[in-house]
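Following: one structure in structure tokens, then a few remarks.
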Amino acid sequence: MLGGKFITLGVTGGIASYKAADLASKLTKLNARVHVVMTGSAQKFVAPLTFEAVTGNPVHYDTFASSTGFHVPHIDLAYNANILVVAPATANFLGKTAHGIADDLLTTTILAANCPVLICPAMNVHMYANKVVQSNIERLKQLGYYFLEPESGRMACGHQGKGRLPEVHAIVDRIVEIIPPSGDLSGITVLVTAGGTREPIDPVRYISNRSSGKMGYALARAAMLRGARVILVTAPTSVAPPAGVSLVQVETALEMRDAVMEHYAAADVVIKAAAVADYRPRLVAEQKIKKEGDTLVLELDKNPDILMELGRNKRKGVTLVGFAAETENLLENAREKITKKNLDLLVANDVTMPGAGFGTDTNIAKLIHPDGGVVSLELMDKYDLANRILDEVIIVSQGTVL
Ligand code: PMT
């Protein structure tokens, strides 16, 4: 994923510096070589030992130290880096960098950098809104520095507003966007569907299901981090989409069908994790339906089966992966779907099992092949399952697209 990439991570002194330890850990797990540079204030919030433990590398903070494995630390940390990330970046750091001041190892390294520099400011809402800070940010943007804007919310100082360090996955996504990984899915286009479609009844009501979109979004993120171009066709969800994917937002099954068909021609792999409503109300009331009788009968029309349509018109070289959400007879029902829909792989999940199916961060799946072969997987994080599914896609696609 980020295998072999050298990332210099600058940490400055803000309360969000504890989140930088999580960031360093995530980047290391993605196989990046992470070298952390801390300012003196950052060390008052988090001990260098924390970063050493998660990255396996010594932490750098002394411009004149010779014991960190580098001959001239500020030059080597800048020269070797594929990207330099500063998270969190304080107002003080922004002010110094915007004016070329280099009075510690981090600001000196920044001046020596030739690679992309991504700055993630985090500070009190009023400090962030301050005109001096904003003009420093503007100046740095004009000079070609990349920025990831802070998020809004409740801050450690008790104030509410913009200034929080974005979630770690958002920083990772931005890094991947700036330095695309060269993974095993490079050159491949993966079309993923996610979420539960909404079928309107009237302007305020709809029929839907319990899909949160987590499974589909995990697949989109995993494919993107392995180098694929990802088109994510999504029904409404509250999950943050990975930054580097092409997002196509839809609401109903009919809209999802149109979007999938529009992008199908570009796809090498299609993974249908979405929970598509099988039926939609025949009539959508123009006004809110009044509460009049004791019962209300809705007449429903069958929605097209998008996956079945793809299976019927499968192009040579395309790998088609379906999901099956079952509450009984998992294998029997799943095997019927793989044949009927002409799939190359089917991910079957028994959604009644604790930790599996709708809304959870984890899932339990069986990967079923058309020849009847079954790979039974344990309970695992949806992101890890996404990677297992992609591993299996590579196996079933050998000799075709990959
Ligand atoms: O989103 P999460 O909260 O993370 O939950 C994940 C999940 C449970 C939604 C996911 O793991 C899952 O099982 N997705 C498929 C849900 C589903 O609709 O299953 P199904 O057995 O009804 O459909 C079989 C396949 O046909 C699916 O790939 C589905 O996308 C597709 N289908 C179904 C109906 C239809 N009209 N068109 C379709 O393309």
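Residue numbers start at 1 and run along the sequence shown. As a basis for the values below, the full set of heavy atoms in this structure was taken, side chains included, without hydrogen atoms, waters or symmetry mates.
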Carboxylate-amine/guanidinium contact K26 D22, below 4.0 Å: yes
CG of D184 to CG of L390: how many Å apart, nearest 0.5 Å? 8.0 Å
So CD1 of I389 and NZ of K382: to nearest 0.5 Å the spacing works out to 10.5 Å
With the threshold set at 4.0 Å, does a side-chain nitrogen-carboxylate oxygen contact exist between R282 and D301? yes
Which class fits the ring pair H35 and H60: parallel under 30°, tilted 30 to 60°, perpendicular over 60°? tilted
Looking at E177 and R174, does any basic side-chain N land under 4.0 Å from a carboxylate oxygen? yes
Y206-T252 side chain donor-acceptor pair, cut-off 3.5 Å: no
Nearest heavy-atom contact between G187 and D268 is O-OD2, 4.1 Å
Do K340 and D305 meet the salt-bridge criterion of a basic N to acidic O distance under 4.0 Å? no
Mind checking the CD-CZ spacing from Q43 to F51? Nearest 0.5 Å is all I need. 10.0 Å
Report yes or no: does N363 contribute a side-chain atom to a donor-acceptor pair with the main-chain N or O of M215 at less than 3.5 Å? no
Quick one, S376 with K366, criterion side-chain hydrogen bond (donor to acceptor under 3.5 Å, both in side chains). Give me CA distance, side-chain angles, the key distance, then yes/no. CA-CA 4 Å; S376 294; K366 291 192 190 300; 3.2 Å; yes
Out of curiosity, N349 CG to L377 CG, how far, rounded to the nearest 0.5 Å? 11.0 Å
Distance in Å, E167 CD paired with K19 NZ, rounded so as to fall on 0.5 Å steps: 5.5 Å
